[in-house]
2 protein chains.
Amino acid sequence: MTEKQKNILKSALKLYAQEGYASTSTSKVARSAGVSEGLIFRHFKNKEGLLAAVLQMSMEAAKLHMADIVMTADPKELISKILTLPFKIKEEEYEMWRLTYALKWQTDSYDASSQEPVKLALRNAFEKLGYENPAAEAELIYMFIDGAATSFLLHPPEHRSEILNTLKAKYKL
Amino acid sequence: MTEKQKNILKSALKLYAQEGYASTSTSKVARSAGVSEGLIFRHFKNKEGLLAAVLQMSMEAAKLHMADIVMTADPKELISKILTLPFKIKEEEYEMWRLTYALKWQTDSYDASSQEPVKLALRNAFEKLGYENPAAEAELIYMFIDGAATSFLLHPPEHRSEILNTLKAKYKL
DNA sequence: CACAATAGTGAGTAATCACTTACAAATGTA
DNA sequence: TACATTTGTAAGTGATTACTCACTATTGTG
């Protein structure tokens with residue numbers, strides 16, 4: 001991976017996250033990365049290819065998070081880890097999360113399959129804890145972390161820890 | 001309001017919700033509405049003006065919902081109404097909600113002020129019920145309905161009522 | 001009816017879009 | 001050194017973009 005190639009990916013992520021994929025032209029990405037526009041097509045074939053590369057790069061980090069969570073044995077700890085997830089979005093992961101959340105609404109890009117392993121782990125955890133409807137509880141948590149992440153990504157956070165504690169109390173964590 | 005004007009708004013809402021605002025050209029809207037492209041600019045000045053008109057039209061319905069909720073006196077009923085909101089998105093309101101949720105991620109369009117009256121009503125309700133941290137509870141609920149709406153708008157719903165009941169149980173409703 | 005205002009059209013506009021091509025510079029490898 | 005491969009650029013391409021303009025059709029009003 002060349003330095004210029006990395007610059008393209010970095011600029012594309014930044015611009016796609018800030019202004020949206022559709023309204024960010026390849027020429028804008030090239031200008032921001034300090035390369036000729038042709039180079040984008042040399043390395044990534046077309047605009048879609050660039051998006052795919054950006055997404056793949058971004059998702060490596062997320063996969064590590066998820067793998068750690070799924071392997072947690074103690075059910076209470078697993079639920080706690082998942083609930084805490086959106087409250088701990090790191091500065092350097094901000095742009096990638098903004099992009100993935102925004103892209104959800106672009107018709108073709110939504111992929112629910114990546115959520116399955118986490119949902120399964122959640123269901124098992126609630127089952128172990130003797131909850132009445134583990135599947136519904138898992139869905140509920142998933143909906144919540146989606147909403148919380150949205151909230152934190154869109155407006156500056158306030159009293160995060162209070163909110164997290166109030167939430168944890170609902171599951172006696 | 002002319003018939004053609006209504007058609008433009010209807011087509012624009014549909015296309016913006018399906019394919020996104022940025023990637024829907026004015027010519028596409030005109031073709032879908034069966035009018036000349038020039039007419040769009042005659043009536044709505046420019047592309048942004050058309051979006052504003054679509055949004056304004058769409059939001060009339062939402063305001064009625066909110067007004068009803070805010071005026072509910074019984075705290076338990078108020079909370080229940082808000083929790084139920086995303087579970088009852090009507091067919092004819094689907095496109096407008098998809099558009100508003102997608103537009104959240106477009107840098108400039110987000111307006112948090114419309115949420116304030118509802119959040120205030122929620123805080124008061126939790127206060128009346130003697131909850132420890134009413135403000136945090138209100139935020140929590142708001143995050144949840146955001147996540148639930150997202151979930152219902154993006155993938156086909158399943159066991160909605162089970163999920164709603166599990167959720168209501170957490171607030172003893 | 002007269003006539004002004006509004007509604008609507010179709011053919012433009014320059015700018016920008018994603019993408020290609022021909023060619024040069026840098027690099028790997030024998 | 002020789003030469004093939006990869007990296008990079010500059011100047012294009014036709015299509016599409018948001019938008020304008022000159023014009024006609026329809027409608028409301030005295």
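Basis for what follows: all heavy atoms, side chains included, without hydrogens, waters or symmetry-related copies. Throughout, a chain's letter reflects where its sequence line sits, starting with A, and its residues are numbered from 1.
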Could you list, one pair per line, each protein nitrogen or oxygen that sits under 3.5 Å from a nitrogen or oxygen of nucleotides 22-24 of chain C, together with the distance?
none

Contacts satisfying ring pair (Phe, Tyr, Trp, His ring centres under 6.0 Å) that involve residues 14-57 of chain B (not counting sequence neighbours) are B:Y16-B:Y21

Using a 4.0 Å cut-off on protein heavy atoms (strictly under), produce a 5'-to-3' string for nucleotides 12-17 of chain D with B for base contact, S for backbone-only sugar-phosphate contact, and - for none.
-> -----S

Atom CD1 of A:I163 and atom CZ of A:F87: how far apart are they, to the nearest 0.5 Å?
-> 6.0 Å

Between B:G34 and A:N46, the residue closer to the 5' end of DNA chain C by nearest nucleotide is B:G34

Using a strict 4.0 Å threshold on nitrogen-to-oxygen distance, state whether A:K88 and A:E93 make a salt bridge.
-> no

Will you find, in the side chains of B:T26 and B:E37, an N or O donor that is under 3.5 Å from an N or O acceptor?
-> yes

Bend of the helix from C:dC1-D:dG30 to C:dA30-D:dT1 from end-axis comparison, five pairs per end, nearest 10°, comes to 10°

Among B:I79, B:L64, B:I82, which one satisfies side chain to side chain contact (heavy atoms under 4.5 Å, CB included) with B:I69?
-> B:I82

From CE (B:M96) to CD1 (B:I89), nearest 0.5 Å = 9.0 Å

Test: A:K119 and A:E139 ion pair at under 4.0 Å | yes

Can A:E3 and A:K10 be counted as an ion pair, charged N to O under 4.0 angstrom?
-> no

Rounded to the nearest Å, what distance is computed from the CD1 atom of residue A:I40 to the C1' atom of nucleotide C:dC19?
-> 11 Å

Report the distance from atom CZ of A:F41 to atom C1' of C:dA18, rounded to the nearest whole Å.
-> 5 Å

Gap between atom CD1 of B:I145 and atom CZ of A:F144 - 0.5 Å precision = 12.0 Å

For the pair B:K81 and B:E77, find out whether any cationic side-chain nitrogen is under 4.0 Å from an anionic carboxylate oxygen.
-> yes

Expressed in angstrom and rounded to an integer, what is the separation of A:F44 atom CZ from C:dT20 atom P?
-> 16 Å

Per the under-4.0 Å heavy-atom filter, residues of residues 1-21 of chain A near DNA chain D come out as A:T2, A:K4

Could you tell me whether the phosphate oxygens of C:dT6, OP1 or OP2, come under 4.0 Å of any side-chain nitrogen or oxygen in B:H43?
-> no

note: B:L39, atom CG; D:dA25, atom C1'; distance rounded to Å ~ 13 Å

Gap between atom CG of B:L173 and atom CG of B:L78 - 0.5 Å precision = 10.5 Å

So does A:R98 pair up with A:E95, basic N to acidic O under 4.0 Å?
-> no

Listed partners of B:Y171 passing ring-ring contact (aromatic ring centres under 6.0 Å, His included), at least two apart | B:F126

